[in-house]
There are 2 protein chains.
Amino acid sequence: MTSQPLFHHPVCLLGRLDFHVQEQFTKVLAPLHLQPRQFGLLSLLTGSDGQSQQQLCESLDVHRNVMVGLVDELEQRELVERRRHPGDRRAHAVHLLPAGRALQAQAEQLLDELESELLGGLDRDEVRTLISLLQRVSRDAGLDLIPHPGLTAGAPAAGR
Amino acid sequence: MTSQPLFHHPVCLLGRLDFHVQEQFTKVLAPLHLQPRQFGLLSLLTGSDGQSQQQLCESLDVHRNVMVGLVDELEQRELVERRRHPGDRRAHAVHLLPAGRALQAQAEQLLDELESELLGGLDRDEVRTLISLLQRVSRDAGLDLIPHPGLTAGAPAAGR
DNA sequence: TATTGTTATACTCTATAACTATA
DNA sequence: TATAGTTATAGAGTATAACAATA
């Protein structure tokens, strides 16, 4: 036993790396007063504005009570706005405001820089390989990486 | 924008996958009444018995107050034992008891099975590549994967 | 003076349940 | 009856500080 057996386990390796990465991610976003999940929320809206809180919950994998607080804070800061949902009067349609779009772009740039640092030791092909392998494992585990409606089965599966 | 932009980010992809993986890991260990960190603790002792709580803290990346509780429970279950530390009377030397060694082996087998499931969609080379890439990124980030003393620099670096 | 282990306290996060208004 | 959003409450988990024994 010359080297640490614990981190021969992919599960442990993944756990330790992710812990560090999420910590860095949180630190990078802190000056923008954004939590990672709030960044995720803004990013989802960038892709498809006006989703209900329930839809956002499923994509972000948080409970709906938590979503209330996330949207509350973003709405107070006028980054996001609750409007009437067309077609379901129980639901709110969450819309991105200009300041929210701008902040998301800013955050995304910081994230890109962080990822450049984290993956700086790998070349382009290795980065592509790593992402592709993580995506495959995720999909095999049944995680929705493309939570858009209407893509139930046989989706185009970009880059696999 | 046809596919979800959030999970093009390695940081988000890693986070979501790890969340799922750690959840599965926790479920798999539950019948043994072991938390992932307790498994980690037992595994560290398997590699090198009699470490101080402080040493275990650094390897597992938990605070020393948390370690007290982890060892407490394992000691109550007679999986582990606190003995006098030779050379430092402030410290405790944590030793693995036979039942602890047996339980660790059992847990490790369950973990191996989980990993086979999780990585079942990849072939041998792909698994090796994934682990190797994760290890490189971890090392580049300064994470100690081989926390053994005396291996400060120029370690053999298995599989890199 | 610094460090190991320990305990107590406060704070954050999360999970559960209940409620309302709609469907 | 079931669902979207909200609120309140309790529990788990975490971080901070303080303490005794030893270095």
Side-chain angles (χ1 to χ4, degrees), chain A residues 15-16 18-20 22-23 25-27 29-30 33-41 44-45 48-76 80-95 147 149, chain B residues 15-16 18-20 22-23 25-27 29-30 33-41 44-45 48-76 80-95 147 149:
Chain A
R16 165 157 277 210
D18 183 54
F19 183 83
H20 175 259
Q22 299 309 319
E23 199 175 47
F25 187 24
T26 302
K27 277 186 190 164
L29 289 184
H33 304 287
L34 270 185
Q35 301 167 6
R37 286 188 302 193
Q38 292 175 321
F39 166 74
L41 176 40
L44 286 173
L45 295 179
S48 147
D49 207 23
Q51 295 183 60
S52 73
Q53 295 183 193
Q54 187 61 38
Q55 287 175 308
L56 294 168
C57 282
E58 286 160 16
S59 300
L60 280 182
D61 212 16
V62 301
H63 203 262
R64 64 190 200 277
N65 339 15
V66 178
M67 181 57 64
V68 175
L70 293 177
V71 176
D72 276 353
E73 192 187 317
L74 296 178
E75 192 170 35
Q76 278 169 19
V80 134
E81 193 178 59
R82 277 184 249 238
R83 299 187 195 151
R84 260 204 292 266
H85 191 101
D88 191 340
R89 303 209 301 177
R90 295 171 303 180
H92 292 153
V94 183
H95 284 267
Chain B
R16 164 156 278 208
D18 183 55
F19 183 83
H20 175 259
Q22 300 308 320
E23 198 175 47
F25 187 24
T26 302
K27 278 185 191 166
L29 290 184
H33 304 286
L34 270 185
Q35 300 167 7
R37 286 188 301 193
Q38 292 175 320
F39 166 75
L41 176 40
L44 286 173
L45 294 178
S48 148
D49 207 21
Q51 296 183 60
S52 72
Q53 295 183 191
Q54 186 61 39
Q55 287 175 306
L56 294 168
C57 281
E58 286 160 15
S59 299
L60 280 181
D61 211 19
V62 301
H63 203 261
R64 64 189 200 275
N65 337 17
V66 177
M67 181 58 63
V68 175
L70 293 178
V71 176
D72 276 353
E73 192 187 316
L74 295 178
E75 192 170 35
Q76 278 169 20
V80 135
E81 194 178 58
R82 276 183 251 235
R83 298 187 197 153
R84 261 203 291 265
H85 192 102
D88 190 341
R89 304 210 300 177
R90 294 171 301 180
H92 293 153
V94 184
H95 285 268

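Letters A, B, ... are given to chains in the order of the sequence lines, protein chains preceding strands, and every chain is numbered from 1.
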Which whole-number value in Å describes the distance from B/Glu75 CD to C/dG5 P?
13 Å

Atom CZ of residue position A/Arg84 - does it have more than 12 heavy atoms of other residues, nucleotides or ligands inside 6.0 Å?
no

Stepwise side chain to side chain contact (heavy atoms under 4.5 Å, CB included) test for A/Arg82 and A/Gln53:
CA-CA 9 Å; A/Arg82 277 184 249 238; A/Gln53 295 183 193; 2.7 Å; yes

A/Arg64 CZ - C/dC19 C1' separation (whole Å)
11 Å

Output the single nucleotide from D/dT22, C/dT6, D/dG5 whose closest atom is nearest the side chain of B/Arg82.
C/dT6

To the nearest Å, how far apart are A/His92 NE2 and C/dA23 P?
12 Å

Output the rounded distance in Å from CG (A/Leu56) to P (D/dG5).
8 Å

Below 3.5 Å, does any donor atom in the side chain of A/Arg90 face an acceptor in the base of D/dT3, or the other way round?
yes

Just how far, in rounded Å, is C1' of C/dC13 from CD of A/Gln35?
11 Å

Yes or no on side chain to side chain contact (heavy atoms under 4.5 Å, CB included) for A/Val62 and A/Leu56, after CA distance, side-chain angles and deciding distance?
CA-CA 8 Å; A/Val62 301; A/Leu56 294 168; over 6 Å; no

B/Val68 side-chain proximity, nearest of C/dT6, D/dT6, C/dT4
C/dT6

Distance, rounded to the nearest Å, where B/Arg84 contributes CZ and D/dA23 contributes C1'
17 Å

Of the listed nucleotides (D/dT7, C/dA23, D/dA23), which one gets closest to any side-chain atom of A/Asp72?
D/dT7

A/Gln53 atom CD is separated from D/dG5 atom P, nearest whole Å, by 5 Å

List the steps, then state whether side chain to side chain contact (heavy atoms under 4.5 Å, CB included) holds for B/Gln54 with B/Glu58.
CA-CA 6 Å; B/Gln54 186 61 39; B/Glu58 286 160 15; 3.4 Å; yes

Spacing between A/Gln55 atom CD and D/dT3 atom P, to the nearest angstrom
15 Å

Check: D/dT7 base within 3.5 Å donor-acceptor of A/Asn65 side chain
yes

